[in-house]
Amino acid sequence: AGFQFTLDGSITNITEVTSGLLTVSDANIATRNGAMVMSWNNDQLVSAGDAVLFTVKVEKDLSTSLAITDDLARSEAYQGQGLEAINVELEASVELVNTLGQNEPNPWRSATTIEFTLAEAGPATISVFDVTGKVLFTQTDDYTAGNQQFVIKGKDLGSAVGVLYYKLESGEFAATKKMLLID
């Protein structure tokens, strides 16, 4: 007949809400402080069986896990004519996408860290080049799928200073960001 729950896990964005057996929309969901709250109810009882009730796709920090909690709304579902409260369970899957993060620190002197995510395991190339397009550094390695970190040291870039660019290439994916190396 209905349910409500809090989904904790450093959620940064809700990218898609799709109805399944239940008709849901953005109106059933709110986010606050890295958590998502969802509520749904209907006049008629619905029996799920193995059917997918709904799907919510979120962007989140991969270093934290998702968990159903009672933080913002008591997590429970209501069944039967008497609306008996039952537990809400989570079935989650992770769909990784390729991303390239901004280097930290920026500006930097001796070393900087570049974070990126690969959707699939495989080779990836990191290149650093100056404003004229001259390649100052290139390294290709095999990486696992998921979050990665790469450290670039100033000494690896010769005498370069100022505005530089770094590029990540992996399969069909390519992304470039700007950084500032100070003397």
Side-chain angles (χ1 to χ4, degrees), residues 1-106 113-124 142-150 166-178:
F3 65 84
Q4 64 185 26
F5 64 86
T6 302
L7 181 63
D8 277 330
S10 300
I11 296 169
T12 57
N13 190 26
I14 297 172
T15 59
E16 185 179 331
V17 178
T18 306
S19 295
L21 185 61
L22 307 181
T23 302
V24 296
S25 71
D26 293 337
N28 298 100
I29 299 173
T31 58
R32 186 167 148 207
N33 300 329
M36 179 188 89
V37 180
M38 186 166 188
S39 175
W40 176 89
N41 68 299
N42 196 345
D43 298 2
Q44 299 183 10
L45 299 178
V46 176
S47 180
D50 290 335
V52 173
L53 298 178
F54 59 90
T55 302
V56 178
K57 292 186 179 181
V58 299
E59 291 176 354
K60 65 175 287 318
D61 177 353
L62 289 177
S63 66
T64 61
S65 60
L66 291 172
I68 297 283
T69 69
D70 292 331
D71 288 352
L72 300 173
R74 178 176 292 193
S75 297
E76 58 189 11
Y78 311 100
Q79 72 176 5
Q81 296 299 327
L83 301 179
E84 172 191 351
I86 60 173
N87 290 334
V88 174
E89 296 178 11
L90 173 66
E91 182 177 315
S93 62
V94 175
E95 180 181 313
L96 296 174
V97 293
N98 293 317
T99 62
L100 175 62
Q102 185 63 54
N103 64 301
E104 291 282 336
N106 190 37
T113 301
I114 296 171
E115 292 189 359
F116 59 96
T117 303
L118 295 179
E120 296 178 359
D142 283 324
Y143 292 94
T144 59
N147 290 341
Q148 309 294 332
Q149 288 188 339
F150 185 81
Y166 59 98
K167 183 176 187 177
L168 173 67
E169 297 174 281
S170 180
E172 299 287 318
F173 177 77
T176 304
K177 297 251 184 191
K178 184 170 34 172

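- The shortest non-hydrogen separation linking Lys167 to Thr176 is CG-OG1, 3.5 Å.
- Residues Ile68 and Leu7 are in side-chain contact: their nearest non-hydrogen atoms beyond the backbone lie under 4.5 Å apart.
- Within the 4.5 Å cutoff, the side chain of Ile114 has no heavy atoms near those of the Lys177 side chain.
- Separating the CG atom in Asn98 from the CG atom in Leu118 is a distance of 5.5 Å, to the nearest 0.5 Å.
- Going from atom CG of Asn87 over to atom CZ of Phe5 covers 13.5 Å, rounded to the nearest 0.5 Å.
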Walk me through it: do Tyr166 and Leu100 pass the test side-chain contact (heavy atoms from CB on, under 4.5 Å)? CA-CA 10 Å; Tyr166 59 98; Leu100 175 62; 3.7 Å; yes
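- Between the Ser75 side chain and the Thr6 main chain, a donor and an acceptor come within less than 3.5 Å of each other.
- Counting non-hydrogen atoms of other residues, nucleotides and ligands closer than 6.0 Å to CD of Glu120 gives a total of 12 or fewer.
- The CG atom of Leu168 lies 9.5 Å from the OG1 atom of Thr117; values are rounded to the nearest 0.5 Å.
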Hey, mind stepping through Asn28 and Val17 against side-chain contact (heavy atoms from CB on, under 4.5 Å) and telling me if it holds? CA-CA 9 Å; Asn28 298 100; Val17 178; over 6 Å; no
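- At least one side-chain heavy atom of Tyr143 sits less than 4.5 Å from a side-chain heavy atom of Phe116.
- Taken to the nearest 0.5 Å, the OG1 atom of Thr31 stands 8.0 Å off from the CD1 atom of Ile11.
- The number of heavy-atom neighbours closer than 6.0 Å to CD of Gln81, taken from other residues, nucleotides and ligands shown, is 12 or below.
- The closest donor-acceptor contact from the side chain of Thr15 to the backbone of Lys57 lies under 3.5 Å.
- Taking CG of Leu72 as the reference point, atom CE of Met38 lies at 15.0 Å (rounded to 0.5 Å).
- The CD atom of Glu16 sits 11.5 Å away from the CD atom of Glu59 when rounded to the nearest 0.5 Å.
- The backbone N or O of Asn147 sits nowhere less than 3.5 Å from a side-chain atom of Glu115 that would complete a donor-acceptor pair.
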Can you list the steps and then say if Leu22 with Phe3 is a side-chain contact (heavy atoms from CB on, under 4.5 Å)? CA-CA 11 Å; Leu22 307 181; Phe3 65 84; 3.6 Å; yes
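- Of the possible polar contacts, one joining the Gln102 side chain to the Lys178 backbone as a donor-acceptor pair under 3.5 Å is found.
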Test Ile29 against Met36 for side-chain contact (heavy atoms from CB on, under 4.5 Å), laying out the working first. CA-CA 7 Å; Ile29 299 173; Met36 179 188 89; 3.4 Å; yes
